[in-house]
Amino acid sequence: DAMPKEMNGYRLLPGFEPDSAKVAYDQMEINESDILIASYPKTGTTWVVSIVHQILYGDNPADLEKYSALQFCFHYLEFGAVCKYEVFKKISFPRQVFATHLPEPLVNMKKFKANGAKLIYVIRNPKDQAVSWRHFAKGFAFAKSEFWKPLLPEDEKEFYDVYLAGNQYAFAKKGEGYLECIKEWYKHKNDENVLFLVYEEMKKNPHNEIKKIADFIGKPLSDEQLNNVVEKTSFASMKKESEKTAPDNNEGAQFFRKGQIGDWKNHLTVAQSELIDRKVKEILGDTDIQFIYE
Ligand code: A3P
């Protein structure tokens, strides 16, 4: 059975390794051209990573392919075995792009900041996040094991009940989840070298948000380049591209499902939606976050 692991009370899904997270925290070298994309799962991580890759390397398809392939193998700080850090040292990237789903206390933000690296954090409304999560979790190879079956129920309503009660080892402490993670990261909202993005704003106005990202990482784009990045990172283009490289991925976990705002209306019960509203008030009520639900 694939068993989850814990790190300082935070519960991580199988595949996410405390040992690797620790090496990232204690030993990994960071420099000022590095970019860390942090997020909770299913909030648009893959999208933001692709936008950053397109901005950095989009003018040169060979570079884009080379660097995005390499980085996709390794780029979640805490994902996979610790030996990847040995491999990392041997490959030189012009600019390193990392991602992480770790909660803020498990990422060495002091080091990232002291070294001048940049952080991008993306949030999405918690109702669409939950729906995306459920569809993604259907692809987990371990979902049918004795341990996981009750935690990842097949029944849709039950699934959301377990998830919203914070019982799925989803990068948070027992009983907690996405909203608590946002709260911890949100402390950095106004820090230097930090950019907060909103999935729904990227959907509604990709030109605007992609321009923001490009300026933030110090690689402003011409109008033509901007249009090109918008085109290459649209949901349709990215989905099509992913089908080329993994044509029979339909059984596994899906990174490109619908890419829409408001699909939660087709999946959550009224009670579940109201529970989320209450939790948002309770946990994020003292921040200025206003989620966009449609
Ligand atoms: P849905 O399941 O709602 O479709 P992550 O990369 O953090 O795992 O997030 C995955 C979610 O982002 C999925 O949501 C996926 O479809 C959506 N997504 C991926 N690429 C996208 C794009 N280019 N535009 C809009 N949404 C995208």
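When a ligand or atom number is given, it counts from 1 through the structure's own listing order.
A pairwise comparison of heavy atoms in P153 and V162 identifies CG-CG2, 3.9 Å as the closest pair.
Proximity to M238 (heavy-atom distance under 4.0 Å) selects the following atoms of ligand 1: 23 (N). Which parts of ligand 1 touch T46 is read off a 4.0 Å heavy-atom cut-off, strictly below it: atoms 5 (P), 6 (O). The contact set between ligand 1 and S234, taken as ligand atoms under 4.0 Å from a residue heavy atom, comprises 23 (N). Less than 4.0 angstrom separates some heavy atom of T43 from each of these atoms of ligand 1: 7 (O), 9 (O). For ligand 1, the atoms lying closer than 4.0 Å to a non-hydrogen atom of F235 are 16 (O), 21 (C), 22 (C), 23 (N), 24 (N), 26 (N), 27 (C). Annotation for ligand 1: atoms under 4.0 Å from non-hydrogen atoms of F255 are 8 (O), 10 (C), 13 (C), 15 (C), 16 (O), 19 (C). Every atom of ligand 1 is numbered from 1 in the order shown, and the set under 4.0 Å from a heavy atom of F256 is 16 (O), 19 (C), 20 (N).
Regarding atom 16 (O) of ligand 1, its nearest protein heavy-atom neighbour is R257 N, 3.1 Å. Taking atom 7 (O) of ligand 1 as the reference point, the nearest protein heavy-atom neighbour is T45 OG1, 2.5 Å. Among protein heavy atoms, atom 8 (O) of ligand 1 sits closest to K42 NZ, 2.8 Å. Given atom 1 (P) of ligand 1, the protein heavy atom at minimum distance is S132 OG, 3.4 Å. Among all non-hydrogen protein atoms, the one lying nearest atom 11 (C) of ligand 1 is R124 NH1, 3.7 Å.
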For residues 10-18, tabulate all N or O donor-acceptor pairs below 3.5 Å that involve a side-chain atom, not counting sequence neighbours.
unit_1: Y10; atom_1: OH; unit_2: E184; atom_2: OE1; d: 3.4
unit_1: Y10; atom_1: OH; unit_2: E184; atom_2: OE2; d: 3.0
unit_1: E17; atom_1: OE1; unit_2: K5; atom_2: NZ; d: 2.6
unit_1: E17; atom_1: OE2; unit_2: K5; atom_2: NZ; d: 3.4

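Scanning for salt bridge (charged side-chain N to carboxylate O under 4.0 Å, His left out) contacts around E200 gives an empty result, with sequence neighbours left out.
No heavy atom of D263 sits closer than 4.0 Å to any atom of ligand 1. Using a 4.0 Å cutoff on heavy atoms, Y199 counts as a contact of ligand 1.
In terms of hydrophobic clustering, with Ile, Leu, Val, Met, Phe, Trp and Tyr side chains grouped at heavy-atom distances under 4.5 Å, I261 and I123 are assigned to different clusters.
Within 6.0 Å of the NZ atom in K211, the count of heavy atoms belonging to other residues, nucleotides or ligands does not exceed 12.
Between F72 and H53, a ring centre-to-centre spacing shorter than 6.0 Å is recorded. Checked against a 6.0 Å centroid threshold, the rings of Y199 and W47 count as neighbours.
Annotation: cation-pi pair K239/F256 absent, no NZ/CZ under 6.0 Å from the ring centroid and within 45° of its normal.
For T233, every heavy-atom contact with ligand 1 shorter than 4.0 Å involves the backbone, none the side chain.
Remark: ligand 1 and S39 share no N or O pair separated by less than 3.5 Å (distance only, no angle test).
Of the options R257, K265, Q260, E156, a side-chain contact (heavy atoms from CB on, under 4.5 Å) to V131 is made by R257 and by none of the others. Applying side-chain hydrogen bond (donor to acceptor under 3.5 Å, both in side chains) to Q129 and the options Y40, W264, Y178, Y163 leaves one that passes, Y163.
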